[in-house]
S.K.: 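A single structure is presented below for examination.
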Number of protein chains: 2
Amino acid sequence: MLDFHAALKKLRNHLKNNDLRFTNERLTILEEIFQFPPHFDAEQLFIYIRKKHNHISRATVYRTLDLLSQIGIIKKENLGKDYASYELDYKMPHHDHLICEICGKVIEFADDIIEKRQREISENNGMVMVRHQLQIFGRCKEHTE
Amino acid sequence: MLDFHAALKKLRNHLKNNDLRFTNERLTILEEIFQFPPHFDAEQLFIYIRKKHNHISRATVYRTLDLLSQIGIIKKENLGKDYASYELDYKMPHHDHLICEICGKVIEFADDIIEKRQREISENNGMVMVRHQLQIFGRCKEHTE
DNA sequence: ACATAAAGTGTGACTCAGTCTCAATTTAAC
DNA sequence: GTTAAATTGAGACTGAGTCACACTTTATGT
């Protein structure tokens with residue numbers, strides 16, 4: 001699992017290799033992401049960051065989220081809301097999500113049987129699979145009557 | 001698979017049972033949905049309908065899409081865009097989607113192995129599954145180099 | 001067919017997430 | 001320290017979708 005220092009190194013590396021600048025804003029945003037819950041929304045994060053660093057703009061937060069996604073430090077996810085969610089990109093190569101409809105709790109899982117079956121289904125339908133996403137919505141222990 | 005007359009009957013029934021009105025607008029929108037590709041976006045549909053029936057407003061189209069979703073005539077789907085897609089709600093009870101990243105073609109599939117495995121995964125994680133969605137993105141025959 | 005009450009409609013203002021422009025600032029590299 | 005190029009903040013803008021409300025239409029009882 002990616003820790004802050006590994007992420008920072010990855011970021012600096014990417015910036016250097018692409019003639020991009022290592023800015024205070026980018027550092028701050030990366031730091032704050034690591035303070036934040038592992039699954040989060042851009043706007044939530046922006047509001048949180050804005051409170052602590054009132055010079056950082058929405059545009060910069062969104063731009064940085066895009067940047068970090070490209071590098072593979074975070075990952076844009078659809079978690080059933082009508083806006084994007086992000087998560088820290090753990091080492092687990094593919095994983096999908098169980099989401100509690102009541103409390104929003106997110107559990108990650110990876111399953112070989114499903115992965116394999118997806119590849120088979122793609123082939124059977126004449127497609128080459130590039131990526132996939134699976135969300136299971138339900139109720140967690142605390143929210144089942 | 002649901003045909004227009006079955007859908008219309010379902011709609012009239014629901015309206016009657018819920019003290020709602022059968023309006024020209026609702027009829028027109030239902031008719032146009034059946035003229036349209038089986039997977040569509042609200043805004044696309046609105047523009048198409050607006051051309052032919054220039055008195056029908058965006059609000060009515062969106063309201064009717066919600067209504068038809070509640071009844072189960074259409075279904076709101078996430079097909080990887082950052083706005084909602086809809087599809088005619090076929091009889092196939094659960095199905096998921098293969099989506100070509102290049103041309104947007106959508107293929108439907110249902111798979112017992114995956115369905116079963118999802119239930120197992122939910123249980124193993126202490127959740128009761130309510131619904132799920134799986135999208136496989138890839139390239140269809142015509143768009144594989 | 002007609003009156004009536006309740007539901008539905010169109011308009012346009014609004015929201016919300018996200019993007020864009022551009023002048024001013026900051027960074028990296030010499 | 002200079003300089004060119006990258007980055008930033010502000011706020012205007014976009015696009016999907018929602019909302020309020022005056023006006024219209026429907027369903028029902030007569």
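All chains are named by letter (A, B, ...) in the order of the sequence lines, taking the proteins before the strands, and each is independently numbered beginning at 1.
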S.K.: Taking only the side-chain nitrogens and oxygens of B:Asn24, find out if one of them lies under 4.0 Å from OP1 or OP2 of D:dT24.
M.R.: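 So the side chain of B:Asn24 is outside the cut-off, no N or O lying under 4.0 Å from OP1 or OP2 of D:dT24.
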S.K.: Please report the distance, rounded to the nearest Å, between CG in A:Asn17 and P in D:dA6.
M.R.: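 From A:Asn17 CG to D:dA6 P: 15 Å.
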S.K.: Base, sugar-phosphate, or nothing: which does B:Arg26 touch, judged by heavy atoms less than 4.0 Å apart?
M.R.: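 Counting heavy atoms under 4.0 Å across all strands, the contact made by B:Arg26 is with sugar-phosphate only.
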S.K.: Please state whether the phosphate of D:dG11, meaning OP1 or OP2, lies under 4.0 angstrom from any side-chain nitrogen or oxygen of A:Ser57.
M.R.: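 Negative; the distance criterion is not met.
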S.K.: 5'-most contact on DNA chain D: B:Ala59 or B:Phe22, nearest heavy atom basis?
M.R.: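 Going by which nucleotide is closer to the 5' end, it is B:Ala59.
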S.K.: For A:Leu65 and C:dA17, what is the distance between atoms CG and P respectively, to the nearest whole Å?
M.R.: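 Nearest whole value for this atom pair: 14 Å.
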S.K.: Establish, with yes or no, whether the OP1 or OP2 oxygen of D:dG17 is under 4.0 angstrom from a side-chain nitrogen or oxygen of B:Tyr62.
M.R.: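 Affirmative; the distance criterion is met.
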S.K.: Can you check the B:Ile47 CD1 to D:dA16 C1' distance for me, whole Å?
M.R.: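 From B:Ile47 CD1 to D:dA16 C1': 11 Å.
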S.K.: How many whole angstroms separate atom CG of B:Asn18 from atom P of C:dA6?
M.R.: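 Taking CG of B:Asn18 and P of C:dA6, I get 17 Å after rounding.
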S.K.: On the 0 to 90° scale, with breaks at 30° and 60°, tag the B:His39-B:His97 ring pair as parallel, tilted or perpendicular.
M.R.: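 Correct class here is perpendicular.
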S.K.: To the nearest 0.5 Å, what is the distance between NZ (B:Lys76) and OG (B:Ser85)?
M.R.: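 Answer for the NZ-OG pair, B:Lys76 versus B:Ser85, is 10.5 Å.
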S.K.: Figure out the OH/C1' separation between A:Tyr83 and C:dC16, and round it to whole Å.
M.R.: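 It works out to 10 Å between those atoms.
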S.K.: Round to a whole Å and report the spacing from CG of A:Leu20 to C1' of C:dT26.
M.R.: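 Nearest whole value for this atom pair: 14 Å.
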S.K.: Scan A:Asp19 against the nucleic acid and name what it touches under 4.0 Å (heavy atoms): base, sugar-phosphate only, or nothing.
M.R.: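 The residue A:Asp19 makes sugar-phosphate contact but no base contact.
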S.K.: In whole Å, I'd like the distance from the CG atom of A:Leu15 to the P atom of D:dA6.
M.R.: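 Result: 13 Å.
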S.K.: Got more than 12 heavy atoms from elsewhere within 6.0 Å of CG, B:Asp112?
M.R.: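 Not more than 12 within 6.0 Å, no.
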S.K.: At under 4.0 Å, does any side-chain N or O of B:Thr23 touch on OP1 or OP2 of C:dT9?
M.R.: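 Answer yes for this pair, as a side-chain N or O of B:Thr23 is under 4.0 Å from OP1 or OP2.
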S.K.: Above 12 or not: heavy atoms from other molecules or residues under 6.0 Å from NZ of B:Lys16?
M.R.: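 Counting other residues, nucleotides and ligands, NZ of B:Lys16 stays at 12 neighbours or fewer.
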S.K.: Check this for me: does the side-chain of B:Arg21 come within 3.5 Å of the base of C:dA6 through a donor and an acceptor?
M.R.: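 Checked by distance alone, the answer is yes.
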S.K.: Could you check how far CD of A:Glu43 sits from C1' of D:dA16, rounded to whole Å?
M.R.: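 Nearest whole value for this atom pair: 16 Å.
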S.K.: Is there a donor and acceptor pair closer than 3.5 Å between the side chain of B:Arg63 and the base of C:dG10?
M.R.: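 Side chain to base: pair found, below 3.5 Å.
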S.K.: More 5' along DNA chain D: B:Arg12 or B:Asp82, using each one's nearest nucleotide?
M.R.: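 Nearest-nucleotide comparison on DNA chain D picks B:Asp82.
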S.K.: Does a nitrogen or oxygen in the side chain of A:Arg58 sit under 4.0 Å from OP1 or OP2 of C:dC20?
M.R.: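 No.
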S.K.: Students often mix this up, so state it plainly: with edges at 30° and 60°, are the rings of A:Tyr48 and A:Phe36 parallel, tilted or perpendicular?
M.R.: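 Tilted, since the angle between the ring planes falls between 30° and 60°.
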